[in-house]
Amino acid sequence: MSVLRLAVQKKGRLCEPSLALIKACGIDFNSRAQQLTAPAYNFPLEFFFLRDDDIPGYVHDGVADIGIVGRNEVEEKGFPLRIVENLGFAACRLAIAVPAAFDYRGLEDLEGKTIATSYPHILKGYLEEQAVKADIHEISGSVEIAPAIGLTDAICDLVSSGSTLLHNNLKEVETILHSTAVLTAAENLTEEKTAILDKLLVRIRAVQRAAKHKYILLNAPDSKLADIVRILPGMKSPTIMPLAEKGWSSLHSVVHEDDFWNIVEQLDQLGAQGILVTPIEKIMY
Ligand code: PRP
Ligand code: ZN
């Protein structure tokens, strides 16, 4: 029986949300620090804990079958990998930053300068596109200290909260790309592994859909039901049940989180009462 090998980041921004997503899919495992691999107990999956920068390469080489990694790493490494799902978490941007005291007015100020980065491929493409000639210094870690130690004039690195830049007295001046975590897969998985991946995707999508929606319950006067149904379409249409009190009904539906506050305001104006909102664990098809 085949087992799908999933590469996840062993330490860093992607690690915790990646494992939380797999747990939310109902997959049990035990991940202890220092471990390189761990099996799942109730799903044909094995974890490989790796540096995020190495994940595209391992998936491409077939050491792992699939990986959870930032889109930035997939683009930088340039292997022909499939992106099978956008996972949406670990949002960050790849940006150029300069020392806070640098009087930066525009890209032309980078002309002839040196820039340290772990993303030489993306940076090179960007500079060419912007017709800026700068010298790229590829370094694999601690890029943020390069200007302070006199190695380069600027850096190009991932920015998430911005605290790394702040701590190193750097300021962000250009954004090159926005990135979030993706599920990436090798192009040539066996039929058996593809079937496992499809099962995993059904679960991931159910969890992702659920995270974007809320279950809403409310009481409303019967005279307003038609208006409320119009703003609360739900998955198919809302459930309506009569309350013990005459002239009132209870209505249950599902709302997208983006519309949530807007809808709640309208419900209030329509006389809805006892509005309860709960998270949803999974939404299947
Ligand atoms: C990135 C980047 C910074 C940090 C920025 O590292 O290299 O160190 O995140 O985050 P902040 O804006 O919230 O301070 P990454 O997570 O890719 O780890 P790695 O460089 O060790 O692979
Ligand atoms: Zn990294």
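Read the numbers this way: they start at 1 and go in the same order the structure lists the ligands and their atoms. What you see below is based on every heavy atom in this structure, not just the backbone, and it leaves out hydrogens, waters and symmetry mates.
How far CG of Leu6 is from CG of Leu4: 7.0 Å, rounded to the nearest 0.5 Å.
With a 6.0 Å radius and a threshold of 12 heavy atoms from other residues, nucleotides or ligands, Glu281 has its CD atom at or below the threshold.
Sorted by chain and number, the heavy-atom contacts of ligand 1 below 4.0 Å come from Arg13, Asp52, Asp53, Asp157, Leu158, Val159, Ser160, Ser161, Gly162, Ser163, Thr164.
Each protein N, O or S atom less than 2.8 Å from the Zn ion (ligand 2) was counted, giving 3.
Both cation-pi conditions hold for Lys23 and Phe29: the charged atom is under 6.0 angstrom from the six-membered ring centre and inside a 45 degree cone around its axis.
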List the atom pairs, with distances to 0.1 Å, where a side-chain N or O of residues 116-127 and a protein N or O form a donor-acceptor pair under 3.5 Å, not counting sequence neighbours.
residue, atom, partner, partner atom, Å
Thr117, OG1, Tyr119, N, 2.9
Thr117, OG1, Cys156, O, 2.6
Ser118, OG, Ile139, O, 3.0
Tyr119, OH, Asn72, ND2, 2.9
Tyr119, OH, Glu73, OE2, 2.9
Lys124, NZ, Glu128, OE2, 3.2

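Legend: residues meeting salt bridge (charged side-chain N to carboxylate O under 4.0 Å, His left out) with Glu75, ordered by chain and number and at least two apart, are absent.
Between Asp153 and Ile115, every side-chain heavy-atom pair lies at or beyond the 4.5 Å cut-off. Side-chain contact check for Ser250 versus Ile240: every heavy-atom pair is 4.5 Å or farther apart.
Remark: side-chain polar atoms of Glu111 are paired, donor with acceptor, to backbone N or O of Lys133 under 3.5 angstrom.
The two residues Ser249 and Asp222 make their nearest non-hydrogen contact at OG-OD1, 2.6 Å.
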